[in-house]
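Below, chains carry the letters A, B, ... as their sequence lines are ordered, and counting in each starts from 1.
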2 protein chains.
Amino acid sequence: MPRAGLTPDRVVDAAISLVDDRGLDALTLAAVAERCGVAAPSLYKHVSNLADLRTLVGVRVLAEMTDRLAAAAMGRSGPDAVGSVMRAYRDYAVAHPARYAAMPVDPLHQPEYAAAGQRLLDVMRAALRPWRLSDAQMVHTMRAARVITHGFASLESAGGFGLPEDLDESYELLIQMYLTSLPLTHAAQES
Amino acid sequence: MPRAGLTPDRVVDAAISLVDDRGLDALTLAAVAERCGVAAPSLYKHVSNLADLRTLVGVRVLAEMTDRLAAAAMGRSGPDAVGSVMRAYRDYAVAHPARYAAMPVDPLHQPEYAAAGQRLLDVMRAALRPWRLSDAQMVHTMRAARVITHGFASLESAGGFGLPEDLDESYELLIQMYLTSLPLTHAAQES
DNA sequence: GCTAGAAAGCTAATACACGTAGCCAGATCA
DNA sequence: TGATCTGGCTACGTGTATTAGCTTTCTAGC
């Protein structure tokens with residue numbers, strides 16, 4: 001009967017450690033409750049339901065990754081910043097594959113995620129600022145970065161590449177391909 | 001008491017139509033059974049369990065997509081063939097988002113998928129043949145194609161892009177970026 | 001310090017889902 | 001025709017999400 005002292009945040013903590021340990025599919029209220037030392041229905045005092053918990057986990061992961069990307073861009077500019085952000089993206093996904101799988105792919109379309117998703121985009125947008133792209137160019141350029149980073153990270157973190165060898169090189173080649181495709185303006189001279 | 005005349009293939013048919021209609025998460029044995037006009041346990045006469053059914057769906061989808069890609073490459077060569085295969089990949093994923101989500105990301109690591117997965121890779125490898133890449137180059141080049149196609153297709157089919165506008169153009173720019181990155185050898189003169 | 005009430009835990013019960021066991025009828029084949 | 005195999009069924013056990021309603025603990029105000 002002593003209280004466990006749960007809060008929504010602590011429930012999310014438990015959920016994330018569970019996901020890290022046993023994969024995204026193991027994220028069940030029963031398992032989270034056990035990890036919290038509490039009966040399953042008690043979780044409903046802190047979280048609306050399983051869907052809500054999943055959302056909270058997604059928001060947490062999105063925010064955490066954004067922090068990493070922002071840190072990776074800090075103190076860098078131009079191609080250096082862009083490459084650094086792209087590497088940090090991959091690093092996070094490979095270091096925490098199950099968390100990466102918990103990240104929503106369409107954050108901007110769901111209000112719960114919108115703020116965190118916008119912040120992540122802003123990090124990349126800032127890194128691309130030196131190129132002084134038009135709005136339309138910026139849209140295509142951001143999309144291309146997202147395609148490459150998400151494509152590579154989701155494949156690698158899910159074990160999608162047949163051979164583990166030379167993955168670093170494959171990714172560096174993609175980053176070079178991407179940087180090379182950027183228009184040769186202001187930023188290109190900075191590097 | 002009249003027999004329903006089920007076979008594993010017909011069960012997979014029902015599963016796929018269910019996935020098309022109601023999404024991958026709706027793929028449950030109960031729902032498939034209802035669609036087949038049969039009680040749930042009867043499905044076990046044709047399919048080992050839910051995991052097995054999921055695998056069979058994945059194999060079917062993988063094979064279906066491979067057929068599309070092969071058809072897209074037919075009668076083309078060089079950049080034309082590569083671009084055509086990449087467009088066909090996206091087209092399939094967007095036309096059948098739930099099926100695309102059912103496709104395994106690591107087919108080569110699971111024996112059930114290996115044959116179908118290998119066949120898909122062969123289509124792309126054939127399209128890249130004119131460049132006469134070394135083995136190591138071929139690995140990186142195939143990976144890059146996979147990253148771009150899967151990255152774009154998975155994001156678009158999951159509603160991951162904020163704005164629906166200009167997606168065709170974004171994809172064409174990526175294809176151009178990719179083709180431009182290929183070494184200027186034999187094939188480049190054919191186009 | 002006492003007490004009212006909110007907050008946080010619990011048990012019990014419902015609704016589904018997967019999966020197993022074992023029964024029965026219809027098809028097949030000697 | 002009759003034996004056997006196959007494909008259906010019902011009944012059951014387990015696990016999960018979720019709701020309802022009870023009880024205990026903490027906290028605020030007097």
Side-chain angles (χ1 to χ4, degrees), chain A residues 1-61 98-99 101-104 110 112-113, chain B residues 1-61 98-99 101-104 110 112-113:
Chain A
M1 326 140 164
R3 297 212 169 173
L6 287 187
T7 65
D9 263 355
R10 296 187 60 111
V11 173
V12 173
D13 290 344
I16 287 184
S17 92
L18 177 71
V19 165
D20 280 342
D21 290 353
R22 298 179 21 207
L24 190 56
D25 291 343
L27 178 53
T28 121
L29 287 179
V32 171
E34 185 189 350
R35 196 162 279 233
C36 291
V38 120
S42 305
L43 294 178
Y44 287 86
K45 299 288 176 168
H46 307 284
V47 149
S48 322
N49 50 40
L50 179 58
D52 181 41
L53 177 57
R54 287 205 185 105
T55 301
L56 293 174
V57 167
V59 169
R60 175 82 70 86
V61 169
R99 288 188 209 183
M103 239 179 66
Q110 291 153 271
E112 309 88 346
Y113 294 120
Chain B
M1 333 149 161
R3 297 215 169 173
L6 287 187
T7 65
D9 262 355
R10 298 187 60 112
V11 173
V12 173
D13 290 344
I16 287 183
S17 92
L18 178 70
V19 165
D20 280 343
D21 289 353
R22 302 184 14 214
L24 189 56
D25 291 342
L27 177 54
T28 132
L29 287 179
V32 171
E34 186 189 349
R35 197 163 279 232
C36 290
V38 118
S42 305
L43 294 179
Y44 288 87
K45 300 287 176 164
H46 307 283
V47 148
S48 323
N49 49 39
L50 179 58
D52 182 39
L53 177 57
R54 288 206 184 105
T55 300
L56 293 173
V57 167
V59 169
R60 174 83 70 86
V61 169
R99 287 187 210 182
M103 239 178 66
Q110 291 152 272
E112 311 87 346
Y113 295 120

#### Entry: Euclidean distance, atom CG of residue D9(A) to atom C1' of dA8(C) [Å, nearest integer]
17 Å
### Query
From dT16(D), dG19(C), dT18(D), pick the nucleotide closest to the side chain of L29(A)?
dT18(D)
### Task
Would you kindly give the CD-to-C1' distance between E34(B) and dC16(C), to the nearest whole Å?
13 Å
### Task
In whole angstrom, give the distance that lies between atom NZ of K45(B) and atom C1' of dT20(C).
11 Å
### Task
Would you please confirm or rule out a distance under 4.0 Å between OP1 or OP2 of dC18(C) and any side-chain N or O of T28(B)?
yes
### Message
Side chains of E112(A) and L56(A), heavy atoms from C-beta outward: is any pair under 4.5 Å?
### Response
no
### Shortest non-hydrogen contact from A102(A) toward L24(A)
CB-CD1, 3.7 Å
#### Entry: Interatomic distance where CZ belongs to R54(B) and C1' belongs to dA17(C) [whole Å]
11 Å
#### Entry: Over 12 non-hydrogen atoms of neighbours within 6.0 angstrom of CD in E34(B)
no
### Task
Among dC18(C), dG8(D), dA17(D), find the nucleotide with the atom closest to the side chain of V38(B).
dG8(D)
### Task
Among T55(A), V59(A), V61(A), find the residue that satisfies the side-chain contact (heavy atoms from CB on, under 4.5 Å) test when tested with V57(A).
V61(A)
### Query
If you check the P41(B) side chain, which of dT10(D), dT18(D), dA17(C) turns out closest?
dT10(D)
### Query
How long is the line joining CG of L50(A) and C1' of dC16(C), in whole Å?
14 Å
### Task
Mind calculating the distance between CG (L53(A)) and C1' (dT16(D)) to the nearest angstrom?
14 Å
### Message
Contact between K45(B) and V38(B) at the side-chain level, heavy atoms closer than 4.5 Å - yes or no?
### Response
no
### Query
With sugar-phosphate meaning primed atoms plus P, OP1 and OP2, does S42(A) contact a base, only sugar-phosphate, or nothing at under 4.0 Å between heavy atoms?
base
### Query
CG of L43(B) versus C1' of dC18(C): gap in Å, rounded?
11 Å
### Query
OH of Y44(A) versus P of dT18(D): gap in Å, rounded?
4 Å
### Query
Of all the choices, dA17(D), dG19(C), dG8(D), which nucleotide is nearest to the side chain of H46(B) once you look at every atom?
dG8(D)
### Task
Would you indicate which nucleotide in dA17(C), dG8(D), dT18(D) comes nearest to any side-chain atom of L6(B)?
dG8(D)
